[in-house]
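As the structure is a computational prediction, the values presented were derived from the model and not from experiment. Side chains included, hydrogens not; waters and symmetry mates left out as well; all remaining heavy atoms used.
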Amino acid sequence: MDGPLKGIKVIDITTNISGPSLTMILGDLGAEIIKIERPFIGDDSRGMGPLWEGEGVYHLQINRNKRSIVIDLKSEEGKELLYNFVKDSDVFVENFRLGKAEEIGFGYEKLKALNPSLIYCSLTAYGQQGPDSQKPGYDAIVQAETGIMSINGPAGGESARAAVSILDQGSAMWGAIGVLSALFHRERTGIGQKVETSLFETGVFWTGYHLLSYMATGVAPVKMGTGHASFAPYGAFKTKTDEIMIGISNDSLFGRLCKSLNKEEWIEDPRFKRNVDRVQNRNQLSREIEQVLSSQDASYWIERIAQAGVPSSIIRNIPSMIEHPQVASTQMLERVEHPLIDEMKLARLPIRLSGSPVGIRKAPPLLGEDTISILQDSGISQETIDELLSKGVIQTTKERVAKS
């Protein structure tokens with residue numbers, strides 16, 4: 001069976017993390033992704049270490065299900081190639097600094113004139129309006145700008161960025177949702193449109209309940225480490241061996257936890273009886289819980305707490321997570337055949353569709369590996385292809401290797 005977006009053609013001129021993550025989502029859903037890259041260098045993520053057989057791991061994760069064509073878009077011949085692609089494409093995605101696409105001839109109005117039904121997606125750092133709209137920005141910078149770093153990190157300690165690129169990948173998700181919505185709208189009306197999203201807007205949205213908390217109380221949220229401002233006990237707790245994470249969100253769960261810890265007297269203790277009491281006395285409660293947990297190792301307590309139906313987990317590192325039986329059961333890591341890398345596995349999209357499968361059909365491409373086939377599919381003659389190769393307007397993997 002084909003993916004739900006089979007037949008949708010996407011022109012992708014993005015680089016780094018956010019834009020390629022967006023087109024990765026569309027590709028995993030079945031769209032044809034034509035990834036246009038710069039001569040010799042390609043997408044910046046190709047060089048982001050560590051390298052695996054010369055390929056950047058960032059690139060490998062977010063560029064599967066794509067075909068790579070190398071075009072010098074600074075040349076007039078290169079621009080004409082892109083314009084020809086756009087004429088029979090469904091979606092165009094760029095993540096330049098605001099105004100750059102227009103400057104180099106690939107703005108929305110220009111491409112819309114070539115293809116009125118085109119869905120044009122623009123993913124920027126700070127959005128399309130306002131005093132910061134022209135600023136460059138990376139994930140961590142915008143985490144700082146949107147307040148995320150101010151509430152992330154150990155209580156009373158230094159601010160910290162989220163260790164995964166939540167704004168790059170979050171804005172990619174919103175961009176993909178926007179593209180899907182625009183495609184649905186076009187299906188009904190025949191009309192294309194522009195889709196906009198940004199890291200900044202994503203960051204503001206992610207802080208939603210913290211925003212409302214401040215609006216309601218006038219008290220600015222603070223860093224709480226693994227804790228939670230609204231619940232207690234909630235966070236990481238030391239055992240005789242490893243730390244474990246426990247999440248209690250209501251009084252019923254607290255009662256179950258007390259029984260699993262052989263501390264049923266806490267249920268009626270006025271300091272801990274209600275969640276509001278526990279939040280007020282969270283430090284004392286945490287100390288008493290850790291005193292109990294220190295008597296046994298983490299696996300012992302996880303088994304007891306889990307049997308009581310209380311959400312909990314040993315705090316795993318990445319190697320441990322990869323070996324987690326639940327990862328295997330959910331088939332989250334898909335084996336992918338790659339020309340340079342043996343035994344490569346990539347994390348699939350965390351969604352399933354019963355009637356139109358989502359999956360990884362093609363390994364992340366080598367730079368320029370599909371240049372010739374893409375041009376041939378577009379009706380470009382071999383004579384013209386040879387001429388473009390000789391001028392350096394296009395490149396294949398072969399030319400890049402010879403040059404390097």
Discussion item. Quick one: does any side-chain atom of Gln61 pair with a main-chain N or O of Ala347 as donor and acceptor, under 3.5 Å?
Written reply: yes

Item to complete: Please round to the nearest 0.5 Å and tell me the distance separating atom NE2 of His59 and atom CE of Met48.
Response: 11.5 Å

Fill in: Within-4.5 Å side-chain heavy-atom neighbours: Ile394 and Leu375
yes

Worksheet item: Around atom CD of Gln280, are there more than 12 heavy atoms of other residues, nucleotides or ligands at under 6.0 Å?
Response: no

Discussion item. In the structure I gave you, are the side-chain heavy atoms of Leu123 and Leu22 within less than 4.5 Å of one another anywhere?
Written reply: yes

Worksheet item: Is a donor on one side and an acceptor on the other found under 3.5 Å between the side chain of Glu37 and the backbone of Asp43?
Response: yes

Worksheet item: Any side-chain heavy atom of Thr241 within less than 4.5 Å of one from Gln296?
Response: no

Discussion item. I'd like to know if the side chain of Ser260 and the backbone of Ala308 have a donor-acceptor N/O pair within less than 3.5 Å.
Written reply: no

Item to complete: Establish, from distance only, whether the side-chain atoms of Glu94 and Ser122 form a donor-acceptor pair under 3.5 Å.
Response: yes

Discussion item. What I want to find out is whether Lys74 reaches Asp72 closely enough, with some N-O distance under 4.0 Å, to be called a salt bridge.
Written reply: no

Worksheet item: When you measure from the side chain of Arg348 to the backbone N and O of Gln331, does any donor-acceptor pair fall under 3.5 Å?
Response: yes

Worksheet item: Can you tell me if Ser198 uses its side chain to pair, donor with acceptor, with the backbone of Glu201 under 3.5 Å?
Response: yes

All N/O donor-acceptor pairs, side-chain side in residues 23-34, below 3.5 Å, sequence neighbours left out:
from  : atom 1 : to    : atom 2 : distance (Å)
Thr23 : OG1    : Asp12 : OD2    : 2.8
Thr23 : OG1    : Gly19 : O      : 3.4
Thr23 : OG1    : Pro20 : O      : 3.2
Thr23 : OG1    : Lys66 : NZ     : 2.7
Asp28 : OD1    : Arg64 : NE     : 3.3
Asp28 : OD1    : Asn65 : ND2    : 2.7
Asp28 : OD2    : Arg64 : NE     : 3.2
Asp28 : OD2    : Arg64 : NH2    : 2.6
Glu32 : OE2    : Arg67 : NH1    : 3.0

List, one per line, each side-chain donor-acceptor pair under 3.5 Å for residues 139-149, sequence neighbours excluded.
from   : atom 1 : to     : atom 2 : distance (Å)
Asp139 : OD1    : Gln143 : NE2    : 2.6
Asp139 : OD2    : Ile166 : N      : 3.4
Asp139 : OD2    : Leu167 : N      : 2.8
Asp139 : OD2    : Asp168 : N      : 2.8
Gln143 : OE1    : Ala162 : N      : 2.7
Glu145 : OE1    : Tyr126 : OH     : 3.1
Glu145 : OE1    : Lys135 : NZ     : 3.3
Thr146 : OG1    : Val142 : O      : 2.8

Worksheet item: Is there a side-chain contact between Ile248 and Ile246, using heavy atoms and a 4.5 Å cut-off?
Response: yes

Response to the item:
residues 334-344 vs side chain to side chain donor-acceptor pair (under 3.5 Å), sequence neighbours excluded, gives Arg335-Glu343

Discussion item. Between Lys259 and Arg256, is the side-chain contact (heavy atoms from CB on, under 4.5 Å) condition met? List the steps.
Written reply: CA-CA 5 Å; Lys259 291 175 183 178; Arg256 296 181 190 180; 5.8 Å; no

Worksheet item: Do Glu80 and Asn84 have a side chain donor and acceptor closer than 3.5 Å?
Response: no

Practice prompt. Measure the spacing between OG of Ser249 and CG of Asn275 and express it to the nearest 0.5 Å.
Written response: 8.5 Å

Discussion item. Go through it in stages, so that I can follow the logic: the residues are Phe237 and Met245, the test is side-chain contact (heavy atoms from CB on, under 4.5 Å), and I'd like the CA-CA distance, side-chain angles, deciding distance and then a yes or no.
Written reply: CA-CA 6 Å; Phe237 296 87; Met245 184 75 184; over 6 Å; no

Response to the item:
Output for pair (Arg186 CZ, Leu183 CG), nearest 0.5 Å, gives 5.5 Å

Worksheet item: So, are Lys362 and Glu369 salt-bridged, with charged N and O less than 4.0 Å apart?
Response: yes

Item to complete: Begin with the C-alpha distance, continue with both residues' side-chain angles, and end with the deciding distance and a verdict on salt bridge (Lys or Arg N to Asp or Glu O under 4.0 Å) for Lys35 and Asp370.
Response: CA-CA 9 Å; Lys35 182 178 180 67; Asp370 305 293; over 6 Å; no

Practice prompt. Find the distance between OG1 (Thr226) and CD1 (Ile315) and round it off to the nearest 0.5 Å.
Written response: 6.0 Å

Item to complete: Could you walk me through whether Lys240 and Glu290 pass salt bridge (Lys or Arg N to Asp or Glu O under 4.0 Å), step by step?
Response: CA-CA 9 Å; Lys240 190 175 183 179; Glu290 287 196 334; over 6 Å; no

Item to complete: Let me know which of Val10, Ile13, Asn115 forms a side chain to side chain contact (heavy atoms under 4.5 Å, CB included) with Phe92.
Response: Ile13

Discussion item. Looking at Thr384 and Ile380, would you say the former's side chain and the latter's main chain have a donor-acceptor pair under 3.5 Å?
Written reply: no

Discussion item. Does Lys9, at its NZ atom, have more than 12 non-hydrogen atoms belonging to other residues, nucleotides or ligands within less than 6.0 Å?
Written reply: yes

Item to complete: Using atom types as modelled and distance alone, determine if a side-chain donor or acceptor of Ser181 lies under 3.5 Å from a backbone N or O of Ile177.
Response: yes

Practice prompt. Go through the steps for Lys263 and Glu265 under the test salt bridge (Lys or Arg N to Asp or Glu O under 4.0 Å), then give the verdict.
Written response: CA-CA 5 Å; Lys263 285 291 184 179; Glu265 65 271 20; 3.6 Å; yes

Fill in: Tyr300 atom OH, neighbour heavy-atom count above 12 within 6.0 Å
yes

Practice prompt. Of all the heavy-atom pairs spanning Ile62 and Ser21, show the shortest one and how long it is.
Written response: CG2-OG, 3.6 Å

Worksheet item: Heavy atoms, side chains only, cut-off 4.5 Å: are Lys223 and Ser159 in contact?
Response: yes

Discussion item. Quick one: does any side-chain atom of Asp242 pair with a main-chain N or O of Ala298 as donor and acceptor, under 3.5 Å?
Written reply: no

Discussion item. A side-chain contact here means heavy atoms from C-beta on lying under 4.5 Å apart; do Val204 and Phe200 qualify?
Written reply: yes

Discussion item. Pair Asp386, Lys391 - check salt bridge (Lys or Arg N to Asp or Glu O under 4.0 Å), show working.
Written reply: CA-CA 9 Å; Asp386 291 341; Lys391 289 182 177 180; over 6 Å; no

Item to complete: Would you verify whether the NZ or CZ of Arg278 falls within 45 degrees of the ring axis of Phe231 while also being under 6.0 Å from that six-membered ring's centre?
Response: no

Discussion item. Contact between Lys112 and Leu118 at the side-chain level, heavy atoms closer than 4.5 Å - yes or no?
Written reply: no

Practice prompt. Step by step, work out the side-chain contact (heavy atoms from CB on, under 4.5 Å) result for Cys121 and Val179.
Written response: CA-CA 7 Å; Cys121 183; Val179 168; 3.9 Å; yes

Worksheet item: Could you go step by step and tell me if Gln128 and Glu196 meet the side-chain contact (heavy atoms from CB on, under 4.5 Å) rule?
Response: CA-CA 8 Å; Gln128 307 273 326; Glu196 300 173 1; 3.0 Å; yes

Worksheet item: Do the ring planes of Phe205 and Trp174 sit parallel (below 30°), tilted (30 to 60°) or perpendicular (above 60°)?
Response: perpendicular

Worksheet item: Just checking, Lys110 and Tyr83: is the charged tip under 6.0 Å from the six-membered ring centre and within 45° of the axis?
Response: yes

Discussion item. Side chains of Lys273 and Asp269, heavy atoms from C-beta outward: is any pair under 4.5 Å?
Written reply: no

Worksheet item: Would you call Glu288 and Arg271 a salt bridge, taking side-chain N to carboxylate O under 4.0 Å as the test?
Response: yes

Discussion item. Under 4.0 Å between a side-chain nitrogen and a carboxylate oxygen: does that hold for Asp277 and Arg282?
Written reply: no

Worksheet item: Hey, does the side chain of Ser89 reach the backbone of Phe85 with a donor-acceptor pair shorter than 3.5 angstrom?
Response: yes

Worksheet entry | Any donor-acceptor pair under 3.5 Å from Thr371 side chain to Gln395 backbone | yes

